[in-house]
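What you see below is based on every heavy atom in this structure, not just the backbone, and it leaves out hydrogens, waters and symmetry mates. Positions are given from 1, in the same order as the sequence printed here.
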Amino acid sequence: MTRSSLRLAALTVLASVAIPATAVAAGSTQTPTSAARTGAHAVTVKVSSSGGSAPYYRAEVHNESPEPLDVVVRQGVPAGTAVAAVSDGGYSARDEVTWRVRLVPGETLQRSTSLAPAGTMREVVVPVCAYPTQGDQPYDCASATWAAPPLPVVKAAPPWWMTLPALIASIGVVLLAAAILTWRRWSKPRRLARAERFRREMPRYTWRYGPPVWTLVLLSAALVTAVGALAAWQGVVRFNRASETTRAALEEGKGWIGDTTLGQLGAPMREQYFEFAVYRITCEPPAGGKGRCLAVVGLRNVSGESQPWYGMLQRAYQPNGNWVSVDEEATRAVNGGRDLFATPVPAGEKLLFPLAFTVDGGTRPDRIELRGGVFSAGVTVRLP
């Protein structure tokens, strides 16, 4: 075999090895692309707020996937505020501002709004969520709190006792008291002499001191009886009041450990095991007397160890006081078949998901209670 034929055979072998390796490498890159495009963290959201005299918010939406994405950005408008300005053609509704954006891989877009709050509002919390164009599962949510500038410090007037008239009056009182004491001291011998002369001239009398013994016994018995009856009555009243409070607490679903934390949409709130935040709630028109409401909830385990949580403890309350627990079947459906309550939440784990509630009639819930354990006080979110 000649040298040229040997070179040709070697090139043929190298080509046959290189072509399959290239094909395998090209095929292996498709799986991460698909996973990143459909993952829950393909888009991240950050929100910041200015410290000016009016609430101003800037939302940053970042595409972390290697594919372009169509995203719907939704910013809540808290009750008591009105939209003053919206950037980049955002659509403003009664309680929400919406943008539709297209993000190329690695791109970050900014959208901003200005609100006009009521004059008495000192803090305004605004939640922002990024959604795919179809579906109820958000990519990510965040919130920011605007705080009104501190009120100007008004120098308080000095107390009345530090004013000049009060000082003059005090000096006058001291001088008058000194004059009276001096006069009494100077006139004391004369008064003693008059008292002694009056004592010698008065006739002698026999005085009886104190009431009869039986009168004291009867009065003491009556006093003890009255105090005992009053104490017994107070005990019965307090016991009945405590029973009513406990029964009301059980009926309202309040916890036993600690106090319930109150908050609003977008505000993170902690209870015994978890930190909760409700970013958005939407309710569909009722069908057959039943309506469905979806609440986008953020959850983080702050207990330091894995903790279970239960759908039956998460409640939506209507204005009439009726409440319902999570509709676990509907919740699995909107979360792609995933059972949120099947496994404990690891320590430090963050979750973001919609919870479904099936309510009677078309009345929107006015508050949501979330808790991690049976004895946990939980958190209460007031809904606009």
Side-chain angles (χ1 to χ4, degrees), residues 39-65 67-151 263-269 275-282 294-298 300 350 352 354 381-384:
H41 301 289
V43 176
T44 58
V45 177
K46 294 181 180 180
V47 188
S48 59
S49 174
S50 72
S53 58
Y56 174 82
Y57 301 90
R58 183 175 63 252
E60 296 183 359
V61 186
H62 177 67
N63 182 8
E64 295 188 350
S65 75
E67 297 290 338
L69 294 175
D70 292 318
V71 179
V72 179
V73 182
R74 302 182 183 276
Q75 174 183 309
V77 178
T81 64
V83 179
V86 180
S87 71
D88 301 283
Y91 173 74
S92 175
R94 180 180 62 87
D95 57 355
E96 196 171 67
V97 178
T98 304
W99 295 272
R100 292 184 177 271
V101 299
R102 183 172 178 82
L103 298 172
V104 300
E107 184 181 14
T108 299
L109 293 180
Q110 295 184 356
R111 296 293 184 266
S112 61
T113 57
S114 295
L115 302 180
T120 58
M121 299 182 70
R122 305 300 302 168
E123 288 188 351
V124 180
V125 182
V126 165
V128 179
C129 291
Y131 284 82
T133 54
Q134 300 293 332
D136 298 312
Q137 174 70 47
Y139 288 118
D140 192 18
C141 292
S143 62
T145 302
W146 168 83
L151 297 175
Q264 54 185 307
L265 279 178
M269 295 169 290
E275 181 181 78
F276 291 103
V278 178
Y279 294 103
R280 187 170 182 258
I281 183 167
T282 56
L294 292 182
V296 177
V297 176
R300 184 165 67 95
K350 296 180 180 180
L352 181 66
V381 181
R382 297 291 184 182
L383 302 178

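Ion pairing between Arg300 and Glu275 holds under the 4.0 Å rule for side-chain N and carboxylate O.
The closest donor-acceptor contact from the side chain of Asn63 to the backbone of Val104 lies under 3.5 Å. Without hydrogens or angle criteria, Thr145 side chain to Val124 main chain gives no donor-acceptor distance under 3.5 Å. Between the side chain of Gln75 and the main chain of Arg58, no donor-acceptor pair closer than 3.5 Å is present. For Arg100 (side chain) and Gly90 (main-chain N/O), no donor-acceptor pair under 3.5 Å exists by modelled atom type.
For the pair Trp99 and Val128, the minimum side-chain heavy-atom distance is 4.5 Å or more. Counting heavy atoms from C-beta outward, Val71 and Val101 have side chains that approach closer than 4.5 Å. Residues Tyr139 and Val45 fail the side-chain proximity criterion, which asks for heavy atoms closer than 4.5 Å. Counting heavy atoms from C-beta on, the side chains of Arg102 and Pro68 come closer than 4.5 Å. For the pair Pro78/Leu115, a side-chain contact is recorded, criterion being any heavy-atom separation below 4.5 Å from C-beta on. Between Cys141 and Val296, some side-chain heavy-atom pair lies under the 4.5 Å cut-off. When side chains are defined from C-beta on, Arg111 does not count as touching Val73, because their heavy atoms never get closer than 4.5 Å. Residues Ser92 and Val97 form a side-chain contact, since some pair of their non-hydrogen atoms from C-beta on lies under 4.5 Å apart.
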